[in-house]
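Basis for what follows: all heavy atoms, side chains included, without hydrogens, waters or symmetry-related copies.
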Amino acid sequence: MLRPRVFSRSREWQRNTRGRSFPYVIRPQRKVLRHGAKWSWNSTRCTLPKKRRRRTRLQKAAAIAPRPAAGLLRPVVRCPTFRYNTKVRAGKGFSLAELKEAGISRKFAQTIGIAVDHRRRNKSQESLQLNAQRLKEYRSKLIIFPRKLSKPHKGDSDAETLKLATQLRGPVLPIKQPKAVLKRRAITDDEKKYSVFQALRVARANQRLAGVRAKKAAGQDGGAGGGGKGDAKEAEAKE
């Protein structure tokens, strides 16, 4: 039960009131929680941000309809660093080489919901073919609305296809993580005898001593040649 708490008159309060009589200020006392108790966050005010974000998403989807609500189509790229390069994620935009491989121009790609990144470079043929196939799949499922229904251009969808068009709410061609399928087999005798630790130690030693060994080999070759020059000088002195 909440008990009212009475505040006594302070000197500052008496000085401000100049001797006039005022009733005491009565305020309800706050509830004291027991040790270990926490406030409950299941209140109406906590659901307001969620409702606001949901309302914003719906407004954005309605503004860009019938285009996909998730936005532009992104390429499949590898995560950086040695630790995460086995995973894939969505990149910033398709490279110019990938667009050329798929037969789509740069300007036309920007008008049909494809992200373009002119600074990106393909470092492997595998990524080039993967993203080119992704563009072709997107192009085959795409429905293009003409600017004027009375004057459709080449490549625009027909009237029957336009009636079947619905807005995509989920991600555009979702990216799936590759899974390596390994088959069970017996370990061979060569694999049992092979030591990975020893092989790494030898490889590191060869890399560390490569310059010293090259310099030593060059010095031995120079020493043999130096002896030949000394013999030539001795022959000149005898003459």
Side-chain angles (χ1 to χ4, degrees), residues 30-31 33 37-81 83-122 127-128 130-179:
R30 293 185 179 180
K31 184 179 179 180
L33 297 177
K38 296 182 179 179
W39 290 106
S40 177
W41 293 99
N42 297 328
S43 58
T44 308
R45 62 178 182 178
C46 297
T47 59
L48 292 179
K50 297 180 181 179
K51 292 181 180 179
R52 184 175 64 250
R53 289 193 295 267
R54 182 176 182 274
R55 183 171 62 252
T56 304
R57 288 194 299 267
L58 294 177
Q59 291 176 357
K60 180 181 177 181
I64 64 176
R67 291 175 288 180
L72 304 177
L73 178 68
R74 306 288 179 177
V76 180
V77 298
R78 290 280 174 180
C79 298
T81 70
R83 181 176 181 179
Y84 300 104
N85 65 348
T86 57
K87 298 182 179 180
V88 294
R89 63 175 177 83
K92 183 178 181 180
F94 290 89
S95 63
L96 301 181
E98 294 169 352
L99 294 173
K100 185 178 180 181
E101 184 72 16
I104 302 175
S105 64
R106 176 181 176 180
K107 292 184 178 180
F108 181 66
Q110 295 175 347
T111 60
I112 59 176
I114 298 176
V116 180
D117 187 7
H118 66 278
R119 295 171 295 184
R120 184 165 162 265
R121 300 290 184 270
N122 293 98
S127 65
L128 178 64
L130 177 63
N131 287 319
Q133 184 63 29
R134 183 176 173 85
L135 287 171
K136 292 178 182 179
E137 182 182 359
Y138 175 77
R139 187 70 178 85
S140 62
K141 297 181 179 180
L142 189 65
I143 298 177
I144 301 178
F145 283 75
R147 293 182 180 274
K148 292 184 178 181
L149 297 177
S150 59
K151 296 181 180 180
H153 293 278
K154 182 180 180 181
D156 296 340
S157 302
D158 52 357
E160 296 180 358
T161 308
L162 296 179
K163 295 179 181 179
L164 303 176
T166 57
Q167 188 179 26
L168 181 64
R169 292 300 179 91
V172 183
L173 298 181
I175 299 175
K176 299 180 180 179
Q177 297 295 335
K179 295 183 180 180

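Residues passing the side chain to side chain contact (heavy atoms under 4.5 Å, CB included) test with Leu142, sequence neighbours excluded: Ile112, Tyr138, Ile144.
Considering every non-hydrogen atom in both Gly170 and Ala70, the closest pair reads O-CB, 3.5 Å.
Atom CG of Leu164 and atom CD1 of Ile143 lie 6.5 Å apart (nearest 0.5 Å). Expressed to the nearest 0.5 Å, how far OG1 of Thr111 lies from NZ of Lys107 amounts to 11.0 Å. Arg52 CZ to Arg55 CZ: the interatomic distance, rounded to the nearest 0.5 Å, is 7.5 Å. Here the straight-line distance linking atom CD1 of Ile104 with atom CZ of Arg106 works out to 14.5 Å at 0.5 Å rounding. The CZ atom of Arg134 lies 4.5 Å from the CD1 atom of Ile175; values are rounded to the nearest 0.5 Å. Within the model, atoms NZ of Lys136 and CD of Glu101 stand 6.0 Å from one another, a figure rounded to the nearest 0.5 Å.
The neighbour count for Glu160 CD, taken as heavy atoms of other residues, nucleotides or ligands under 6.0 Å away, does not exceed 12. Heavy atoms of other residues, nucleotides or ligands lying less than 6.0 angstrom from CZ of Phe145 number more than 12.
For the pair Lys60/Arg57, no side-chain contact is recorded, criterion being any heavy-atom separation below 4.5 Å from C-beta on. A 4.5 Å side-chain heavy-atom check between Ile64 and Gln167 finds at least one atom pair inside the cut-off.
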Exercise answer: donor-acceptor pairs, residues 85-100 side-chain atoms, under 3.5 Å, sequence neighbours excluded:
from, atom 1, to, atom 2, distance (Å)
Ser95, OG, Glu98, N, 3.4
Ser95, OG, Asn122, OD1, 2.6
Glu98, OE1, Ser95, N, 3.2
Glu98, OE1, Arg120, NH1, 3.0
Glu98, OE2, Arg120, NH1, 3.1
Glu98, OE2, Arg120, NH2, 3.1
Glu98, OE2, Asn122, ND2, 2.7
Glu98, OE2, Asn131, ND2, 2.8

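Panel note: side chain Arg121, backbone His118; a donor-acceptor pair is recorded below 3.5 Å.
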